[in-house]
Amino acid sequence: MRSEGANGLALVSPAALYAILLLAVPLCVIFAFSFWTQDYLTIDRTWTLKNYTEAFTEPLYGELLRRSILISGSVTLVTVVLAFPIAYFVSFYVAPERKSLWIFLITIPFWTSYLIRVFLWKVILGFNGVINTSLQGLGIIDEPLTFILYNANAVVITLAHAFAPFAILPIFVALEKIDRSLIEASLDLGENRVTTFLRVTLPLAMPGVVAAVLIVFIPTIGDYVTPRLVGGPDGLMIANMIQTQFLKLNNAPMGATLAIIAMASVTVIALAFVGLNRRFLRGPK
Amino acid sequence: MTQPIIDLRDVQKFYGDYHALRGITATIGQGEFFSLLGPSGCGKTTLLRTIAGFEDLSSGTVLIGGQDMARVPANQRPTNMVFQSYAIFPHLSVAQNVGFGLRRAGLDKATLAARVEEALEMVGLSGYGKRSAHALSGGQRQRVALARALILKPKVLLLDEPLSALDKKLREQMQVELIRLQRLVGITFILVTHDQEEALVMSDRIAVMFDGQIAQLDDPETLYRRPKTHRVADFIGMMNFLPARILSEDGERATLEISGLGRTEFDLGTCPTATAGPDGTAVGLRPETLTLLFDGQTATGRQVIGTVEEVVYYGDMTYYDIRLPDGDQVVRVSMRNLFGRPVLEIGAPARLSWDPGALVLFR
C-alpha cells in the first residue's frame with residue numbers, strides 16, 4: 001500500500017505538471033532571456049545586466065511604462081466607479097429571484113469576441129462614427145470630436161467597457177455577503193442612508209472593490225490589442241513595445257527585459273492592494 | 001400599568017395580499033417589560049419592526065411618547081433595537097461598535113471612551129473594547145448589541161428574539177441578566193419571542209399573538225391560570241384537554257361529564273372559562289395540578305385509578321402519561337422527585353388525584 005504522501009503527490013501531479021510546464025518554465029525562460037543579448041541573428045548567452053541598464057536609461061521605455069500604468073490606472077478607476085452603482089443596484093434593489101437574471105444580462109455583451117468589440121468601439125468613436133454624426137446631427141457640435149479616437153482616451157473607454165463585468169461581479173458578491181440587518185442596525189443607531197453607506201456598506205464592500213481593482217488592473221496593463229487598434233501613437237502601451245521588440249526588432253532579450261520590468265511593477269502595485277484588502281478583511285486589531 | 005409610552009391603534013400591515021397585522025391595538029407602559037409571544041409567522045416581529053420604523057404601516061397609528069411616528073424614520077425614533085443576529089459590525093472593534101450611535105453626539109475622545117466603557121461595564125464586558133468583533137462568543141455579541149443600544153438611552157429597547165441563538169444554560173443566564181438590566185436602566189423593553197417559558201419568566205405583561213392579531217394580553221400569571229381561548233391555553237405551558245359535556249347548568253353551578261374523570265360539580269363563578277377549540281367543549285388541567293398518590297397517601301381531591309403509559313425522567317421532575325380508566329384519554333402528570341420517592345414503572349397502576357377547583361372550562 002502506498003503511503004498517504006505518495007497518494008497526495010499522485011493526486012496533485014497532473015495539476016502540478018501543467019502549472020510547471022505552462023507557467024513556471026516559460027517564466028523562467030523569459031527571465032533567463034532578459035539577462036542575455038541579441039547578437040544579430042543569434043542569442044549571446046553571456047549573463048549581463050546590459051538590457052536592464054538600457055531599459056532604465058532609455059526614456060522611451062520609462063515613458064511607455066508610466067503611460068501604461070496611467071492608462072490602466074484610469075481604466076481601473078473608471079471601471080470600478082461605474083461598476084459599483086450597477087452592482088449596488090442589482091444587490092439591493094433587484095428582487096432576489098431576478099438577481100441571477102440580471103447578472104446573466106450583464107454578461108451578454110461579452111459573448112462576442114473581444115476583437116469585434118474593439119472594432120465596434122472604432123465605429124462608435126470614429127471621425128464619422130456614431131457619436132460624432134449624432135452630435136453633429138443634433139447640432140451640438142460643428143466639428144467632429146477628435147479626442148475620442150486614436151489616443152489614450154479611446155483606450156480607456158474601450159478597456160473600461162471590456163472589463164466592466166469583471167468589476168461588477170466581485171463587488172456584487174461582496175455586497176451580497178453584507179448582512180442586511182447591519183444596515184438596519186446603522187439606521188436604528190441614528191445614521192441616515194448616506195452615512196450608513198459610508199460607515200457600513202462601503203467598508204464591508206471593500207474586499208470586493210479591491211478584488212475588482214486587481215482583476216481590472218493586472219490584465220489591462222499588459223493589453224496590446226486595444227492600444228494598437230484604437231490608441232493611435234499616443235495610446236501605445238508597454239505591451240506594444242514588448243511585442244515590437246520580439247516580432248519586429250528581433251530583440252527577444254530586450255522584450256523579455258521589458259516584460260520582466262512590467263511584471264515587477266504590476267506585482268508591486270498589486271501587493272499594495274492585497275495588503276489593503278487584508279486590512280479590510282481582518283478588521284481592526 | 002404606569003404612564004403609557006407606546007400606543008398602538010388599529011395597526012394594519014399588508015404584504016401584497018398577505019395580511020400580516022390585522023388591527024393591533026395595545027398600550028405599553030413606561031418601564032414595562034413587555035413581550036410579544038407567538039408561533040413563527042404570527043406577526044410579532046413585523047409588529048416590532050413597525051415600532052422600530054423598519055416597516056411602513058398600511059393603516060393605523062403608532063404613538064411613542066405621545067408623538068405620532070407616521071413620518072418619523074427609524075434613525076429619528078427614540079427606540080433602539082437588539083437584532084436577532086445581533087448585527088455586530090464585523091469591520092469595527094467592540095468599542096467602535098458600542099460607540100457607533102454616539103458619533104452624532106459630537107463628544108470628545110475621552111468622554112466617548114468613558115461612555116463606551118461605562119456601557120460595556122453595564123453588560124459585564126469591561127475591558128473588551130479593543131477586541132475585534134470576530135473574537136466574541138455568541139453571548140458576548142449579544143451583550144455588545146445590548147450595550148450599543150442602551151448607550152443611546154432610548155425610551156424603548158426593542159429585542160427581536162435575542163436569546164434564540166444561545167444554548168439553554170446561557171439563555172437562562174441571559175434572561176436573568178436582561179431582567180436585571182431592565183430594572184437598572186428603567187426603560188421599556190419590548191421582547192419578541194416564540195418561547196413561552198422565556199416570556200413567562202421575564203415579562204410584566206405578555207401579548208400572545210396568532211395570525212396577526214393579539215389573542216390575549218395579560219400578565220404571566222393570568223395568562224397561565226386564566227387563558228381566554230383554547231389556543232392560548234395550548235400555547236402557554238402544557239395543558240391536558242379532556243372532552244366534556246355539560247349535563248345541567250343553573251346560574252352559578254354546572255354538572256359536567258368529563259371523559260375519563262367522570263361526573264363532577266363545577267362552580268362557574270370561580271372557575272376560569274375560555275373559548276373552546278375546534279373539538280368543542282372540554283376541560284383543561286395543568287400537569288402540576290394533578291398528583292399521583294403513593295403508598296399511604298390519601299387523595300385531597302377526587303381520585304381515579306389509571307395505568308402508567310409513559311415515564312419521562314427530567315432529574316428534578318418526572319412526567320407520567322397516565323391512561324385514565326375509560327381507556328380513551330391520557331393525561332400528563334408532573335411530579336417532583338422528592339427524596340426516597342420511587343419512580344413508577346410503565347404498566348403499573350397509578351392512583352391519580354385531581355381537584356375540580358383547578359379546572360379550566362372551554363366552551
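Chain A is the first sequence line, chain B the second, and so forth, proteins listed ahead of strands; every chain is numbered from 1. Since the structure is predicted, the reported quantities are computational estimates derived from the model, not experimental observations.
Within the 4.5 angstrom heavy-atom criterion, no atom of B:R77 approaches chain A. Both the backbone and the side chain of B:F89 come within less than 4.5 Å of a heavy atom in chain A. For a residue to count as touching a neighbouring chain, one of its non-hydrogen atoms must lie under 4.5 Å from one of that chain's; by this rule B:F54 touches chain A with the side chain only. Contacts of B:I88 with chain A are made by backbone atoms alone, with heavy-atom separations under 4.5 Å and no side-chain atom involved.
Below 4.5 Å, heavy atoms of chain B meet heavy atoms from A:D179, A:S181, A:L182, A:E184, A:A185, A:S186, A:L187, A:D188, A:L189, A:G190, A:E191, A:N192, A:T195, all part of residues 165-196 of chain A.
The local environment of CZ in A:R98 is sparse, with at most 12 non-hydrogen atoms from other residues, nucleotides or ligands closer than 6.0 Å. Heavy-atom neighbours of A:Y88 OH from other residues, nucleotides or ligands within 6.0 Å: above the threshold of 12. Within 6.0 Å of atom CZ in B:R9, 12 or fewer heavy atoms from other residues, nucleotides or ligands are found, so the atom counts as exposed in its surroundings. Annotation for B:Q67: atom CD does not count as buried by contact number, only 12 or fewer foreign heavy atoms lying within 6.0 Å. Applying the 6.0 Å contact sphere to CZ of A:F92 captures more than 12 heavy atoms from other residues, nucleotides or ligands. Within 6.0 Å of atom CG in B:D56, 12 or fewer heavy atoms from other residues, nucleotides or ligands are found, so the atom counts as exposed in its surroundings. More than 12 heavy atoms of other shown residues, nucleotides or ligands fall within 6.0 angstrom of atom CZ in A:F197.
Of the listed residues (B:R148, B:R103, B:Q76), the greatest number of heavy-atom pairs within a distance under 4.5 Å of chain A belongs to B:R103. The residue among B:A87, B:A145, B:G101 with the most heavy atom pairs within less than 4.5 Å of chain A is B:A87.
In this structure, the separation between CD on B:Q96 and CZ on A:R199 is 9.0 Å, given to the nearest 0.5 Å.
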